[in-house]
Amino acid sequence: MADAVTFSFSDTIAGYVTRFDSGTRLLRLKTSDGREFDVSLTGGPSAELVRNLDEPYIDASGHIDEMLSPGRFLFVYGVHYPERGGSFDAKRLVFLGRGAEDFRFEEPSWWIKQIESLADFYKRAQFGDGPVDFTEYRTEIRLGGDKTASHVQETDTISRLVYGMASAYLLTGKDEYLEVAERGTEYLRKHMRVVDSEEDVVFWYHGISVDGDSERKLFTSEFSDDYDAIPMYEQIYALAGPIQTYRVTGDIRIKNDADATIRLFDKFFFDPEQGGYYSHIDPILFSADHESLGENAERKNWNSVGDHAPAYLINLYLATGDQKYADFLEYTFDTIADKFPDYKHSPFVQERFFRDWSHDTAHSWQQNRAVVGHNLKIAWNLMRMNSLKAKPEYEQLAKKIGEIMPAVGSDVQRGGWYDVVERLKEGDQEAYRFAWHDRKAWWQQEQAILAYLILNGTVGGEANLREARQAQAFYNTFFLDHDEGAVYFNVLASGTPYLLGTERLKGSHSMSMYHSAELCYLSAVYNNLLINGREMDFHFQPAPTDLPDRVLRVSPDLLPAGSVRIASVDIDEKPYTDFDADALTVRLPDVQGRVKVKVRLRPVVKK
């Protein structure tokens with residue numbers, strides 16, 4: 001193959017302005033890894049300012065010259081021509097803020113407005129203008145919010161929607177979002193929950209198939225990877241939405257369900273000899289080694305070992321302060337730090353294991369491949385845990401992942417983060433090969449954004465801040481659907497939406513409102529409280545008598561001790577003073593029924 005590219009193609013360059021000549025209309029950009037490109041603006045490209053969901057187009061075409069100041073980061077979409085060694089003609093410029101150092105996604109309300117738009121989209125898609133009736137809920141939602149012919153209601157996707165709505169309430173205090181979260185939680189408890197009194201556990205159906213007034217329970221997973229088994233991750237994510245709702249309401253029934261589900265994990269998924277949790281059990285004997293499980297028998301993976309923390313366990317600890325959940329978290333992250341690194345062989349962690357923790361490198365689709373987002377998810381959650389109980393191995397591993405990943409998992413040419421890549425190179429390969437494609441999934445961008453935001457907010461570092469901003473820039477430029485609402489599942493490497501198959505959908509087995517809402521909630525927390533020193537309001541609606549000693553815990557996440565404190569509290573729109581500012585707790589009044597609590601948190605200025 002010839003060394004030079006001899007054909008034209010369109011593409012995106014993400015880079016920093018090094019110089020711009022307004023006379024020749026020639027712009028020079030430097031990519032995040034230091035390569036420089038000349039871009040011609042002689043064709044009169046359009047220019048715009050990045051915009052949030054529900055915002056109008058913001059034209060900047062008449063301000064290009066003054067905005068191309070040195071050091072500014074932007075995206076340029078254009079056409080490469082092979083002539084004269086290659087030229088790049090710009091067609092579209094996207095600026096991230098009005099000033100060279102401005103990034104609109106760092107505005108105090110950016111992510112709050114985004115989660116409101118997401119909540120409005122999914123509420124409208126599922127329930128229209130009518131009442132919130134979960135018998136009308138469907139897992140599959142088309143691009144514009146219409147429902148498909150599928151009548152399946154999956155437990156996990158309902159739970160993920162509930163998580164998104166509860167998170168939207170936490171940030172906005174809008175009752176309509178809490179109504180969806182609570183009705184969804186009740187629907188899960190009534191239709192998807194199984195209480196096994198003999199074993200003293202709770203487990204959750206995969207879902208139900210609805211046909212008019214009748215419903216057929218789907219006991220085992222219908223998803224191809226887990227068919228006819230009970231996968232751990234489905235049981236884990238069944239708790240995600242209810243537990244986020246529990247943080248708002250303090251409904252003790254939700255906590256009881258969580259405790260009973262954790263007993264399920266410990267009784268049937270836990271490996272008492274080798275440690276860790278199995279990924280699947282069979283539906284008859286609840287055994288992890290039954291031959292019917294096939295290649296899933298006696299296996300452990302990221303989802304079964306690590307996903308407890310972000311999905312429900314951190315939030316359960318935040319709501320209760322119970323030491324047993326802190327101990328479970330510590331066990332989880334000790335296991336991750338001990339078993340997952342494999343840096344003698346690969347820059348990526350190992351994700352799948354046999355019972356004895358030897359590496360399973362031939363499993364199904366994954367083989368010996370890395371999910372880029374899982375590496376970043378580990379870094380993000382290690383730094384959360386490090387704020388609860390600091391250990392050198394937590395911080396060291398998180399920082400190592402943060403340092404290694406940009407070169408092997410990100411797109412240093414266009415921005416954004418890739419999906420699945422081979423963990424090892426073969427022969428004279430210089431780059432880690434893509435497993436199937438070079439597309440970028442919305443949820444993997446989330447992991448990158450949160451990993452680098454929390455790294456910057458806790459241990460600092462210009463490199464972490466730069467990676468966080470670049471990841472937020474790509475996501476907000478290319479994943480927001482300004483025509484139909486919500487966010488795209490996948491985009492091409494260049495940022496163009498990929499709208500084929502299930503990746504065209506806004507609701508599916510893999511997508512509901514969870515990752516996009518989690519991103520909004522925690523990006524608001526990290527940007528405002530940890531990085532930019534700005535106050536934030538959070539909203540709760542508990543019944544004081546439901547909480548032990550009437551104490552409401554209001555910490556928004558596992559943040560460094562002493563980094564934030566309560567500035568003020570309002571209960572039912574009146575100032576209230578019975579709170580411990582440093583402990584982030586409010587002692588509620590001794591009244592019956594629910595109260596509306598608004599808590600303002602203030603970052604502590606570092607001395």
Side-chain angles (χ1 to χ4, degrees), residues 1-7 9-15 31-35 37 80 86 224-225 295 299 301-303 340-354 358-379 400-448 451-452 467 470-471 474-475 478-479 488-498 500-503 510:
M1 182 176 179
D3 290 336
V5 175
T6 58
F7 53 88
F9 60 90
S10 59
D11 209 345
T12 297
I13 300 175
T31 60
S32 62
D33 62 339
R35 292 170 296 113
F37 291 87
H80 169 87
S224 58
D225 289 3
E295 64 179 349
R299 299 298 203 276
N301 60 28
W302 156 253
N303 297 106
F340 282 65
D342 186 31
Y343 294 121
K344 290 182 179 180
H345 304 102
S346 172
F348 302 101
V349 299
Q350 181 58 246
E351 299 182 40
R352 290 188 182 268
F353 308 89
F354 293 102
S358 57
H359 296 171
D360 182 0
T361 59
H363 188 280
S364 184
W365 59 267
Q366 185 148 20
Q367 302 294 302
N368 195 15
R369 295 166 179 155
V371 180
V372 172
H374 286 168
N375 289 260
L376 298 161
K377 196 172 191 179
I378 288 171
K400 185 166 188 171
I401 292 172
E403 292 165 0
I404 289 174
M405 288 305 295
V408 297
S410 76
D411 185 344
V412 295
Q413 177 73 15
R414 308 168 190 87
W417 290 78
Y418 292 120
D419 185 8
V420 180
V421 298
E422 300 293 340
R423 294 184 67 251
L424 303 175
K425 299 174 187 175
E426 294 185 3
D428 60 354
Q429 292 176 352
E430 296 181 4
Y432 292 90
R433 294 305 196 246
F434 302 115
W436 307 290
H437 54 71
D438 62 354
R439 299 196 293 274
K440 299 159 184 172
W442 95 105
W443 74 268
Q444 307 220 37
Q445 314 312 305
E446 179 213 3
Q447 311 308 316
Y452 287 104
E467 292 294 341
Q470 290 170 178
F474 189 86
Y475 181 85
F478 297 111
F479 276 88
Y488 298 115
F489 187 112
N490 256 357
V491 299
L492 300 177
S494 64
T496 302
Y498 179 80
L500 294 175
T502 57
E503 293 170 41
S510 301

Problem - Trace of the side chain to side chain contact (heavy atoms under 4.5 Å, CB included) decision for Val408 with Val421 - result: CA-CA 9 Å; Val408 297; Val421 298; over 6 Å; no

Practice task
Look at the side chain of Asn375 and the backbone N and O of Val349, then say whether any donor-acceptor pair between them is shorter than 3.5 Å.
Solution key: yes

Exercise for the section: Please confirm whether Tyr488 and Phe478 have ring centers closer than 6.0 angstrom. Expected result: no

Handout entry: Smallest separation among heavy atoms of Ile401 and Ala379, with atom names
Key = CG2-CB, 3.8 Å

Handout entry: Stepwise side chain to side chain contact (heavy atoms under 4.5 Å, CB included) check, Val372 with Met405
Key = CA-CA 8 Å; Val372 172; Met405 288 305 295; 3.8 Å; yes

Exercise for the section: Walk me through it: do Tyr452 and Leu376 pass the test side chain to side chain contact (heavy atoms under 4.5 Å, CB included)? Expected result: CA-CA 9 Å; Tyr452 287 104; Leu376 298 161; 3.9 Å; yes

Handout entry: Under 3.5 Å: donor-acceptor pair, side chain of Thr12, backbone of Ser494
Key = yes

Exercise for the section: Kindly compute the distance separating OG (Ser346) from CZ (Arg369), expressed to the nearest 0.5 Å. Expected result: 13.5 Å

Exercise for the section: Over 60° means perpendicular and under 30° means parallel, so classify the ring planes of Phe348 and Tyr432, tilted if in between. Expected result: perpendicular

Exercise for the section: Output yes when a side-chain donor or acceptor of Gln366 lies under 3.5 Å from a complementary backbone atom of His363, and no otherwise. Expected result: no

Exercise for the section: Any chance you could measure Gln447, atom CD, to His374, atom NE2, to the nearest 0.5 Å? Expected result: 7.5 Å

Problem - Heavy atoms from other residues, nucleotides or ligands near CD of Gln429 exceed 12 (cutoff 6.0 Å) - result: yes

Practice task
Over all heavy atoms of both residues, which pair between Tyr418 and Gln444 is shortest? Give the atoms and the distance, please.
Solution key: O-OE1, 3.5 Å

Exercise for the section: Let me see the working for Arg352 and Asn301 under side chain to side chain contact (heavy atoms under 4.5 Å, CB included), right down to the final yes or no. Expected result: CA-CA 4 Å; Arg352 290 188 182 268; Asn301 60 28; 3.5 Å; yes

Exercise for the section: For Ala14 and Gly415, work out which heavy atoms get closest and say how close. Expected result: CB-N, 3.9 Å

Handout entry: Listed partners of Arg433 passing salt bridge (Lys or Arg N to Asp or Glu O under 4.0 Å), at least two apart
Key = none

Practice task
Using modelled atom types only, decide if a donor and an acceptor are shared between the side chain of Gln445 and the backbone of Trp417 within a distance under 3.5 Å.
Solution key: yes

Practice task
Could you tell me whether the side chain of Asp11 reaches within less than 4.5 Å of the side chain of His80, counting heavy atoms only?
Solution key: no

Completion exercise
In terms of heavy-atom contacts, Ser32 and Gln470 come closest through CB-OE1, 3.6 Å

Problem - ring pair (Phe, Tyr, Trp, His ring centres under 6.0 Å) partner of Phe489, the single match among Trp442, Phe479, Tyr498 - result: Trp442

Practice task
Drop me the distance from Ile378's CD1 to Glu351's CD, to the nearest 0.5 angstrom.
Solution key: 7.0 Å

Practice task
Check the angle between the aromatic planes of Phe353 and Phe340 and answer parallel, tilted or perpendicular using the 30° and 60° thresholds.
Solution key: perpendicular

Problem - Shortest non-hydrogen contact between Gln367 and Ala362, atoms and distance - result: NE2-O, 3.3 Å

Problem - Close side-chain approach of Asn368 to Gln350, heavy-atom, < 4.5 Å - result: yes

Practice task
Quick one: closest heavy-atom pair of Asp411 and Ala493, and the distance?
Solution key: OD2-O, 3.9 Å

Problem - Minimum side-chain heavy-atom gap Val371-Trp302 below 4.5 Å - result: no

Exercise for the section: State, yes or no, whether a side-chain contact exists between Glu503 and Arg439 at a heavy-atom distance under 4.5 Å. Expected result: yes

